[in-house]
Undergrad: 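Mind looking over this structure? Questions follow.
Model, not experiment: these values are computed from the prediction.
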Amino acid sequence: MTYLDSLNPAQKKAVVTTDGPVLIVAGAGAGKTKTITHRILHLISLGIAPESILAITFTNKAAKEMRDRVLGLLADDTSFAHLGHRTPLICTFHALGVRIIKENAPLFNLPRHFNIFDKSDSKKVLKDALVYVGVDPKEHLEKIQNIISKEKGRGVRMTEYIQRGAYDYTSELTKKVWQRYEDVLKKEHALDFDDLLLKMLFLLETYPDVRDYYQNRFQYIHIDEYQDTNTVQNKIVEILAQKHNNLCVVGDTDQNIYSWRGAEIKNMLHFEHTYPTVQTIFLEQNYRSTQNILAVANEIISKNNFRIPKKLFTENQTGELIGLYEARNETDEAQFIAIKSKELIESGINPDEIAVLYRANFQSRALEEAFVSCGVSYHMLGTKFFERKEIKDIISYVKLALNPESTTDFSRIINTPARGLGKVTVEKILDGRENELPPSTQLKLENFRGMLRECRDVILSRKPSESLRYIIERTGMDQLYKTGLEEDTERLENIMELVSLSVVYDQYENEGGIEKFLTDSALMSDQDELDENKKGVRLLTVHSSKGLEFDYVFIAGLEGDLFPHKGFGDTKKTGEDSEEERRLFYVAITRARAKVILTYAQTRTIFGTQHVNAPSEFLADIPEQYIEREGYGNVSERKPLFSIDF
């Protein structure tokens with residue numbers, strides 16, 4: 001068992017403790033992925049069938065990294081050669097939902113190629129539903145979408161929500177819109193993100209034979225980032241692990257930062273109560289950060305009460321002090337960060353190893369302007385490849401060819417490229433009044449459907465990359481963007497990049513490749529969209545940075561009401577949720593390997609109004625011996641306009 005030699009004592013204990021419930025409290029940078037992958041390897045070495053091992057995480061990126069590591073470990077040891085292509089299932093919760101629902105699609109009267117609504121698809125249908133009930137979408141769309149998503153995340157179905165008594169106008173409006181939304185989903189043979197979990201739970205709770213099958217199939221279960229599970233996800237985990245009770249959950253209550261999308265920190269806090277025979281193991285040795293960074297991180301998070309106590313330590317060097325820059329305004333702050341980044345790059349630091357983290361998206365505008373003016377290359381996380389119009393158009397062709405009932409995809413591409421079918425014509429088609437169309441228009445429609453049938457035949461008989469090339473040419477999408485205009489050239493390049501990305505799915509047999517391609521493209525998260533080929537300083541929100549690490553990290557906007565974020569007038573949260581902003585700051589600090597630089601502005605313009613700011617309360621929690629003042633140019637000579645009371 002030489003693979004155990006690279007593990008520290010706590011990691012080794014987590015790896016060899018294989019039976020029964022296990023809780024691994026893994027601090028930031030403590031090697032949790034290494035621990036999980038070696039635990040899976042150890043199980044296989046004990047004779048456990050690989051296909052009976054399940055590992056679930058939250059992003060495609062994390063799942064791929066874990067999968068690649070496990071396959072690499074298996075490939076490096078010739079004693080596993082007899083396994084062939086037998087491997088554990090390592091995927092996200094949503095990907096597991098897709099798999100289980102597809103395997104039981106007839107129980108929902110769904111076709112094998114059911115549609116998956118991404119967030120923009122859901123938003124469009126909800127917007128139409130609001131218009132249908134006579135309400136202005138601008139005022140209510142985001143609120144209604146969040147309510148429905150949160151209710152589904154709690155395991156509440158539409159029928160249950162409708163049966164509730166009337167609480168207020170928003171509740172009544174939600175009932176009407178949700179009903180309309182579900183009608184469209186049913187008509188189009190579609191499920192949204194939340195349905196992938198809710199329907200999976202419904203199957204496991206309602207059909208004993210289905211439940212028995214998956215309980216026997218997955219005898220050893222691992223859940224990564226357990227602190228981020230919501231109610232439905234936790235119920236799914238409990239049901240799957242019920243028979244064999246071999247459940248290993250890995251997480252860190254100090255990194256629970258997603259309560260706003262339904263994550264329940266109590267799932268982890270109460271795990272020892274739910275599973276009284278649990279063995280709890282702490283991974284506290286950090287391999288990422290310097291001693292100074294960890295000392296500050298430990299100091300910050302120790303102020304929280306709703307947590308499983310732990311204290312990170314490291315054998316790394318002491319490292320640099322935490323930098324602090326006091327800016328006059330957001331422009332000054334952004335200029336400092338851009339110039340400081342330029343200095344680091346000129347000193348030999350790889351720009352990819354520099355990150356600028358901010359609490360709210362609006363902060364990126366000033367930062368982008370500063371990086372452009374200073375000539376520093378940057379890459380802003382959040383510009384999603386799979387949400388670009390031309391990419392969604394191509395994917396809609398694939399989805400509509402496989403699922404002709406998808407009116408959402410039909411509406412999207414019927415006139416892309418233009419086919420001379422006007423808005424009134426499309427409305428008649430969608431209303432089932434094609435008989436009212438003139439013969440020439442009916443012929444155009446039949447030609448379009450004939451083309452889709454041809455595309456379907458190609459999709460079902462060729463590799464995904466070949467299918468996409470055919471669709472792009474057959475539909476005329478390639479000619480649409482051959483105008484010579486820079487914007488169209490970029491769109492054409494994006495379409496070609498989509499084909500390149502699809503090549504990885506050519507390895508799957510039959511329809512498996514195109515199904516996985518569609519699933520992965522629908523379930524992409526912000527981190528999955530981080531293009532490793534694009535070079536430059538990374539600009540991203542703190543939420544998007546979770547799971548990532550960099551040598552140098554700037555944390556911008558450390559002002560009262562911004563970070564911690566008070567919602568610009570929202571009432572202050574209480575209890576567990578009130579500590580989430582501190583956890584978010586902890587996550588930001590622990591992204592850094594070598595150096596953290598904190599910045600704040602005395603004044604900042606927000607929504608057109610200039611605000612005079614006090615420094616964030618988090619800054620006062622950092623012992624003064626860990627802080628050094630930062631400056632640039634003549635600014636380093638400027639005395640602070642006001643001081644922080646440490």
Side-chain angles (χ1 to χ4, degrees), residues 94 97-98 101-102 105 108-133 135 137 140-142 144-145 148-149 152 158 176-196 198-199 384-419 421-434 445 448-449 451-453 455-456 459 468 471 475 477 498 514-515 517-524:
H94 290 90
V98 172
I101 292 168
K102 278 186 182 293
F108 292 112
N109 293 318
L110 284 171
R112 180 174 179 80
H113 300 292
F114 64 82
N115 199 354
I116 300 174
F117 273 18
D118 62 21
K119 290 181 181 178
S120 61
D121 293 330
S122 295
K123 193 170 186 176
K124 181 184 182 304
V125 175
L126 286 169
K127 181 179 179 180
D128 291 343
L130 282 163
V131 172
Y132 179 81
V133 300
V135 174
H140 299 281
L141 178 56
E142 187 173 344
I144 298 294
Q145 187 171 22
I148 293 174
S149 181
K152 286 187 175 184
M158 179 201 69
K176 295 175 184 176
V177 172
W178 195 347
Q179 178 70 68
R180 180 72 176 175
Y181 178 60
E182 291 296 330
D183 289 344
V184 173
L185 286 171
K186 185 176 181 180
K187 180 182 177 183
E188 298 196 19
H189 301 311
L191 301 177
D192 65 18
F193 279 5
D194 299 304
D195 286 331
L196 297 176
L198 196 57
K199 300 291 186 186
K384 297 188 177 183
F385 179 79
F386 282 93
E387 287 190 3
R388 290 185 169 100
K389 179 186 183 303
E390 61 275 13
I391 299 304
K392 287 185 71 70
D393 288 343
I394 299 298
I395 292 175
S396 280
Y397 271 110
V398 178
K399 289 159 62 180
L400 186 60
L402 294 173
N403 178 14
E405 299 300 320
S406 178
T407 56
T408 299
D409 291 308
F410 177 88
S411 301
R412 180 177 190 90
I413 60 176
I414 184 61
N415 271 318
T416 306
R419 295 184 176 85
L421 299 172
K423 184 178 179 181
V424 174
T425 298
V426 173
E427 288 177 355
K428 286 183 178 180
I429 296 170
L430 296 177
D431 289 342
R433 295 183 289 139
E434 289 181 32
L445 183 59
F448 175 71
R449 287 176 172 153
M451 178 188 67
L452 289 175
R453 288 191 291 270
C455 290
R456 178 185 174 87
I459 291 168
L468 288 179
I471 289 171
T475 61
M477 289 293 289
L498 182 67
I514 201 67
E515 287 183 354
F517 168 77
L518 290 175
T519 299
D520 288 353
S521 63
L523 301 181
M524 284 288 175

Undergrad: May I ask you to test the Asn415-Val426 pair for a side-chain heavy-atom distance under 4.5 Å?
TA: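 A side-chain contact under 4.5 Å exists here.
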Undergrad: Can you check whether Lys399 reaches Ser406 side chain to side chain, under 4.5 Å on heavy atoms?
TA: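 Lys399 does not reach Ser406 side chain to side chain.
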Undergrad: Please report the shortest heavy-atom distance between Met477 and Glu390, naming the atom on each side.
TA: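 In this case the closest contact between Met477 and Glu390 is CE-O, 4.4 Å.
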Undergrad: Answer yes when Glu434 and Arg449 have at least one side-chain N-carboxylate O distance shorter than 4.0 Å, and no when they do not.
TA: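 Arg449 and Glu434: salt-bridged.
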Undergrad: Counting N and O atoms only, with roles assigned by atom type, does the side chain of Gln145 sit under 3.5 Å from a partner on the main chain of Leu126, one being a donor and the other an acceptor?
TA: no
Undergrad: Looking only at heavy atoms, what is the nearest atom pair of Pro137 and Leu130, with distance?
TA: CA-CD1, 3.9 Å
Undergrad: Is any NZ, NE, NH1 or NH2 atom of the basic residue among Asp393 and Lys389 found under 4.0 Å from an Asp or Glu carboxylate oxygen of the other?
TA: yes
Undergrad: Measure across Lys152 and Leu198 and return the closest heavy-atom pair with its distance rounded to 0.1 Å.
TA: O-CD1, 3.7 Å
Undergrad: Given Leu518, which partner from the list Val98, Ile116, Ile395, Asn115 fulfils the side-chain contact (heavy atoms from CB on, under 4.5 Å) test?
TA: Ile395
Undergrad: Around atom CD of Glu142, are there more than 12 heavy atoms from other residues, nucleotides or ligands closer than 6.0 Å?
TA: no
Undergrad: Does the side chain of Leu498 reach to within under 4.5 Å of the side chain of Phe386, using non-hydrogen atoms?
TA: yes
Undergrad: May I ask you to test the Ile148-Asp194 pair for a side-chain heavy-atom distance under 4.5 Å?
TA: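 A side-chain contact is absent here, since even the closest heavy-atom pair is not under 4.5 Å.
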Undergrad: Indicate yes or no for a side-chain donor-acceptor contact from Arg112 to the backbone of Ala105 under 3.5 Å, with no hydrogens or angles considered.
TA: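 No; zero donor-acceptor contacts below 3.5 Å.
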Undergrad: Answer yes or no: is there a side-chain heavy-atom contact under 4.5 Å between Tyr397 and Leu452?
TA: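 Tyr397 reaches Leu452 side chain to side chain.
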Undergrad: Dump the intermediate steps for side chain to side chain contact (heavy atoms under 4.5 Å, CB included) on Phe410 and Leu430, then the final yes or no.
TA: CA-CA 9 Å; Phe410 177 88; Leu430 296 177; 3.8 Å; yes
Undergrad: Has Lys102 got more than 12 heavy atoms of other residues, nucleotides or ligands less than 6.0 Å from its NZ?
TA: yes
Undergrad: With side chains defined as the heavy atoms from C-beta onward, is the minimum distance between Tyr181 and Asp192 less than 4.5 Å?
TA: yes
Undergrad: Do Tyr132 and Lys176 come close enough that some side-chain heavy atom pair is under 4.5 Å?
TA: no
Undergrad: I'd like to check Asp183 versus Gln179 (side-chain heavy atoms, cut-off strictly below 4.5 Å). Are they in contact?
TA: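 Yes. Closest side-chain heavy atoms under 4.5 Å.
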Undergrad: For a side-chain contact (heavy atoms from CB on, under 4.5 Å) with Phe448, tell me which candidate from Thr475, Leu421, Leu400 qualifies.
TA: Leu400
Undergrad: Looking only at side-chain N and O atoms, does Ser120 offer a donor or acceptor that is under 3.5 Å from a partner on Glu387?
TA: no
Undergrad: If the threshold is 4.0 Å, N to carboxylate O, is there a salt bridge linking Asp121 and Lys392?
TA: yes
